[in-house]
Amino acid sequence: MNKSMNSIYEKIHQQIKKVVADAFLACANNKSIPQVELPEISVEVPRERGFGDFSTNIVMQVARQIKMPPRKAAELLIQAMDLTGTYIEKVECAGPGFINFYLNRHWLYDALRLIQEKKEHYGELDMGKNIRVNVEFVSANPTGPLHMGNARGGALGDCIASVLKKAGYDVTREYYINDTGNQIEKFGISLEARYLQQLLGEEKVAFPEDGYHGEDIIQHAKDYISKYGDALLEETPEKRREILAQYALPINIDRIREMLAAYGIEYDVWFSERSLHQSGEVDETIEFLTDHGYTTEKEGAIWLNGEKLGLEKDEVLVRNNGVPTYLAADIAYHRNKFVKRGFDWCINLWGADHHGHVARMKAAMAPFGVAKDKLEVVLFQLVRLYRNGEIARMSKRTGKSISLEDLLEEVGRDAARFFFNLKTSGSHLDFDLDLAVSQSNENPVYYVQYAHARICSLIRRLKEEEGVILKDTDSINPEVLTESEELDLIRKLSEYPEEVRLAAKALEPSRLTRYVMDVAANFHSFYNACRVKGVEEPLMMARLMLVDSTRIVIKNVLDLISIHAPEKM
RNA sequence: GCGCCCAUAGCUCAGCAGGAUAGAGCAACGGUUUCCUAAACCGCAGGUCGGGGGUUCGAAUCCCUUUGGGCGUACCA
């Protein structure tokens with residue numbers, strides 16, 4: 001077996017593509033089929049097991065070019081195929097012109113050996129070789145606690161990063177801290193109002209309508225007073241707001257950091273928006289755009305020239321009071337990622353309510369020589385929580401809207417991350433809080449974790465009660481595995497690297513969550529049909545290898561989505 | 001008004017770079033435990049892929065149109 005191979009699928013795809021391409025060539029040589037430029041030969045797994053292990057629709061794709069009925073051409077190709085040195089045992093033409101490949105079982109046994117060879121590295125790919133990718137997610141305003149949208153974006157972003165890493169990309173996880181601008185201004189005003197209310201009496205000070213109304217603001221004010229007293233009463237409002245905001249901001253950021261850590265997310269970079277202004281990069285960016293004719297001045301403000309960038313309208317970069325907009329800072333931020341830090345690819349996770357910003361952001365990168373597809377924005381739909389069959393808006397604990405902290409307390413990290421990664425990012429997500437905590441067969445989290453615990457228990461008992469441990473792979477003969485449950489399970493395990501590839505390509509880690517549920521299902525079926533303990537040695541050892549390989553894959557996927565793989569339940 | 005997203009089994013969702021008889025989980029119904037964890041397994045059901053039109057050998061998938069939901073359209077972020 002090729003030592004550098006990552007995936008049996010890869011190998012089989014290559015074999016089939018070569019066999020088909022060579023057959024086309026042979027037919028061209030004997031003039032039975034006209035020579036044409038072949039498109040990429042797609043190899044897929046047919047829906048029906050009866051249609052073979054793999055199939056290709058290449059003949060139908062070129063039917064028009066070669067001016068032949070697909071079935072006729074397929075028959076000619078099959079006759080011309082050279083199958084030596086491949087897993088392919090039988091080839092048939094079927095349906096409107098599919099070519100179906102039936103493989104001998106050695107590919108499954110090789111797949112099993114591959115898992116044992118790679119262990120926890122099974123599933124790793126090199127599709128992202130030498131590509132540096134920045135995944136930016138959550139990036140919530142540090143003006144309050146994290147909410148459900150942040151929770152979904154967090155789970156998604158973290159898992160996208162993990163999937164890309166598994167696929168071989170050089171991944172940086174990043175949090176963009178919006179620690180300046182209007183929201184922070186409002187934050188300061190809110191803190192100031194609470195501060196004054198505490199000291200002068202609530203009725204004496206009006207709280208701004210559009211301020212942050214949360215309890216946490218009041219708590220910050222109280223804490224500040226107990227630490228530093230009432231000295232700020234003497235300060236100007238501007239100074240007061242600034243001091244209060246700069247007091248509370250680091251506290252909030254630390255809380256966010258701790259909360260995300262509890263959620264299983266660790267960032268490589270915390271990037272401050274404020275630092276972009278302080279370093280002069282925002283000004284530099286606006287200057288660059290102006291120098292290259294991408295801005296116009298009107299009504300005292302500096303506008304980004306929308307028409308020149310293919311946008312519907314102009315956008316303000318610098319307000320008529322001289323303060324740059326969020327967009328200006330965001331352009332500078334992305335310029336920093338691409339130009340200053342040299343990322344090849346940047347992925348941003350945004351709630352669907354920001355979709356209007358996508359085209360602007362992509363277009364605004366063009367002047368810096370950044371192609372549109374270098375910036376990828378994954379939009380995710382927002383979350384609806386259900387409890388007792390009804391939409392749940394309020395936390396049980398605080399009576400306020402449900403925060404990430406509430407969610408972790410109510411359902412735990414594993415269930416939260418699992419459910420957020422069960423659906424594609426573009427679908428609206430209904431989160432059933434009751435289901436997430438229920439210890440029943442309705443709950444998919446337990447279903448998967450139980451499979452892992454069952455395996456660990458089996459391995460443990462074999463060792464403790466029978467003194468049996470897994471032998472060296474070379475001394476085990478997997479060919480004694482012939483039951484349909486055994487073969488189905490191996491087949492499922494063999495798909496893993498391919499699932500990683502597809503998940504990375506589509507930026508959809510939810511594929512892997514659904515995949516691991518399939519693995520668990522196949523395992524449970526196997527477990528009910530085949531005994532490991534108590535059967536004769538060669539078969540027991542082969543089954544133990546299969547069981548251990550299943551453990552490796554389940555653990556591998558759960559690690560990837562940062563969910564615990566318990567050894568006992 | 002204009003733009004974006006969504007619509008598939010009773011419920012929650014896959015499938016959508018066009019492909020063979022549209023899949024899974026849950027719920028419902030019927031079975032399985034002297035035996036490695038029954039948080040499991042096996043079986044049985046369940047559909048005008050929102051409606052209409054088009055493109056072609058072939059459409060849940062692509063195009064047009066229509067309906068119903070969500071969102072965006074700030075010198076907010």
Side-chain angles (χ1 to χ4, degrees), chain A residues 40 42 44 46-48 50-51 55 57 60-61 63-64 69-70 94-98 100 139-141 143 178 181-186 210 273 299-303 312-313 315-327 329-330 350-359 379-382 384 386 389 419 422-424 426-432 435 438-451 453-462 465-466 485 505 508 510-511 514 517-518 520-521 523-535 540 543 547 568-569:
Chain A
E40 172 76 12
S42 80
E44 49 191 48
R47 196 182 299 278
E48 293 287 324
F51 292 139
S55 75
N57 63 352
M60 289 179 283
Q61 288 192 330
R64 190 167 312 173
F98 289 99
N100 294 336
S139 299
N141 280 333
T143 50
N178 302 119
N182 271 348
Q183 302 305 316
I184 298 303
E185 200 77 4
K186 205 196 289 179
D210 63 343
E273 178 184 355
E299 297 154 26
I302 298 175
W303 298 70
E312 286 179 16
K313 55 188 181 62
E315 302 288 340
V316 173
L317 290 178
V318 183
R319 303 179 180 95
N320 59 15
N321 63 8
V323 179
T325 59
Y326 170 86
L327 176 63
D330 218 12
W350 291 348
D353 53 337
H354 288 75
H355 75 252
H357 195 49
V358 177
L379 295 173
F380 55 91
Q381 298 294 323
L382 299 181
R384 255 190 324 200
Y386 280 82
F419 278 83
L422 204 47
K423 312 294 164 65
T424 55
S427 70
H428 296 269
L429 192 148
D430 290 333
F431 195 117
D432 186 334
L435 177 58
S438 77
Q439 300 204 358
S440 74
N441 57 351
E442 299 169 42
N443 190 338
V445 186
Y446 288 99
Y447 184 78
V448 174
Q449 290 184 322
Y450 177 61
R454 220 178 192 188
I455 291 169
C456 290
S457 163
L458 171 50
I459 293 172
R460 192 166 53 238
R461 288 192 61 176
L462 271 173
E465 294 169 17
E466 318 269 329
E485 288 85 359
K505 199 176 153 204
E508 280 293 358
S510 61
R511 286 192 71 99
R514 280 180 255 113
M517 288 170 70
D518 285 348
F523 171 74
H524 287 309
S525 296
F526 158 81
Y527 185 92
N528 273 63
C530 306
R531 288 191 60 81
V532 180
K533 216 173 141 210
V535 299
M540 177 180 69
R543 284 183 175 167
V547 166
K568 287 181 181 170
M569 279 175 81

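Chain identifiers are assigned alphabetically (A, B, ...) following the order of the sequence lines, protein sequences preceding nucleic acid strands; residue numbering begins at 1 within each chain.
- Spacing between B:C57 and B:G51 at atom P, rounded to whole Å, works out to 25 Å.
- Among the atoms of the strands shown, none is found under 4.0 Å from any heavy atom of A:Ala63.
- Residue A:Glu315 is classed as having no contact, given no heavy-atom separation below 4.0 Å to the nucleic acid.
- Contacts of A:Met517 with the nucleic acid, taken as non-hydrogen atoms under 4.0 Å apart, are absent.
- Comparing B:U32 with B:G15, their P atoms sit 38 Å apart, to the nearest whole Å.
- Put simply, CG on A:Asp430 is 12 Å from P on B:C11, counting in whole angstrom units.
- Dashed line: the shortest gap from a side-chain N or O of A:Arg64 to OP1 or OP2 of B:C57 is under 4.0 Å.
- Between A:Leu429 and A:Phe51, the one whose closest nucleotide on RNA chain B sits nearer the 5' end is A:Leu429.
- Contact annotation: A:Tyr447 side-chain N/O to B:C41 OP1/OP2 distance is under 4.0 Å.
- In this structure, A:Arg531 does not reach the B:C35 phosphate: none of its side-chain N or O atoms is under 4.0 Å from OP1 or OP2.
- Taking only side-chain nitrogens and oxygens, A:Ser42 never comes nearer than 4.0 Å to OP1 or OP2 of B:A17.
- Remark: A:Arg454 is in phosphate contact with B:A38, judged by side-chain N or O atoms under 4.0 Å from OP1 or OP2.
- Evaluation of atom-type donor-acceptor distances gives no pair under 3.5 Å for the side chain of A:Asp353 against the base of B:G72.
- Regarding A:Phe523, its CZ atom lies at a distance of 13 Å from the C1' atom of B:A39, rounded to whole Å.
- The same atom, C1', is picked in B:G30 and in B:G47; the two are 23 Å apart, to the nearest Å.
- Using modelled atom types and a 3.5 Å distance limit, the side chains of A:Asn57 and A:Ser42 yield a donor-acceptor pair.
- Nucleotides B:C5 and B:A45 place their C1' atoms 34 Å apart, quoted to the nearest Å.
- Note: CG (A:Asn57) to C1' (B:G18) measures 9 Å, nearest angstrom.
- No hydrogens or angles were tested; on distance alone, a donor-acceptor pair under 3.5 Å links the side chain of A:Asn100 to the base of B:A20.
- Stacking is not found between A:Phe98 and the pyrimidine-like six-membered ring of the B:G19 base under the 5.5 Å centre-distance and 30° plane-angle cut-offs.
- When distances are taken from the side chain of A:His428 to each of B:A77, B:C6, B:C36, the shortest belongs to B:C6.
- Between the base of B:G3 and the side chain of A:His355 there is a donor-acceptor pair shorter than 3.5 Å.
- A donor-acceptor distance shorter than 3.5 angstrom exists from the side chain of A:Asn443 to the backbone of A:Leu435, with no hydrogens or angles considered.
- Counting to the nearest Å, the P atom of B:A74 and the CG atom of A:Asp210 are 18 Å from each other.
- Distance NZ/A:Lys186 to CG/A:Asn141: 9.0 Å, rounded to 0.5 Å.
- Scored by the salt bridge (Lys or Arg N to Asp or Glu O under 4.0 Å) test, A:Arg461 finds A:Glu465 as partners (sequence neighbours excluded).
- For A:Ser427, the listed nucleotide lying nearest its side chain is B:A14; candidates were B:G3, B:A14, B:C36.
- One C1' atom belongs to B:A9, the other to B:G23, and the distance between them is 10 Å to the nearest Å.
- Taking the ring centre of A:Phe523 as origin, the terminal cationic atom of A:Arg454 falls outside the region bounded by 6.0 Å and 45° from the ring axis.
- The separation between A:Glu48 atom CD and B:G23 atom C1' is 11 Å, rounded to whole Å.
- A:Tyr326 places none of its side-chain heavy atoms less than 4.5 Å from the side chain of A:Asn182.
- Spacing between B:C6 and B:G10 at atom P, rounded to whole Å, works out to 22 Å.
- In a base pair of the Watson-Crick type (N1 to N3 plus N6-O4 or O6-N4) or a G-U wobble (N1-O2 and O6-N3), with each distance short of 3.5 Å, B:C11 is matched with B:G25.
- Counting non-hydrogen atoms of other residues, nucleotides and ligands closer than 6.0 Å to CZ of A:Arg64 gives a total of 12 or fewer.
- As rounded to whole Å, 13 Å separates atom P of B:C13 from atom CZ of A:Phe431.
- Toward the 5' end of RNA chain B, the nearer of the two residues A:Arg461 and A:Tyr326, judged by each one's closest nucleotide, is A:Arg461.
- Separating the C1' atom of B:C41 from that of B:C35 is a span of 14 Å, rounded to the nearest Å.
- Here B:U12 is the nucleotide among B:U12, B:A40, B:A20 with the atom lying nearest to any side-chain atom of A:Lys423.
- Nucleotides B:U55 and B:U61, compared at atom P, are 15 Å apart to the nearest Å.
- Side-chain contact between A:Asn528 and A:Glu485 is absent, with no heavy atoms from C-beta onward closer than 4.5 Å.
- Summarising the geometry, the separation between OH on A:Tyr446 and P on B:A40 is reported as 12 Å, rounded to the nearest angstrom.
- In this structure, B:A59 forms no base pair with any nucleotide, since neither Watson-Crick nor G-U wobble geometry is met with both distances under 3.5 Å.
- Under 4.0 angstrom from either OP1 or OP2 of B:A40 there lies no side-chain N or O belonging to A:Ser525.
- B:A40 is paired with B:U32 under the criterion used here, namely a Watson-Crick or G-U wobble arrangement in which both key atom distances are under 3.5 Å.
- No hydrogens or angles were tested; on distance alone, nothing pairs the side chain of A:Asn182 with the base of B:C76 as donor and acceptor under 3.5 Å.
- The base of B:A14 has none of its N or O atoms less than 3.5 Å from a complementary donor or acceptor on the side chain of A:Thr424.
- Using a 4.0 Å heavy-atom cutoff across all strands shown, A:Ala352 reaches sugar-phosphate atoms only and no base atom.
- In this structure, the nucleotide among B:A20, B:A40, B:A77 sitting nearest to the side chain of A:Asn528 is B:A40.
- A:Lys568 has its NZ atom 17 Å from the P atom of B:C36, to the nearest Å.
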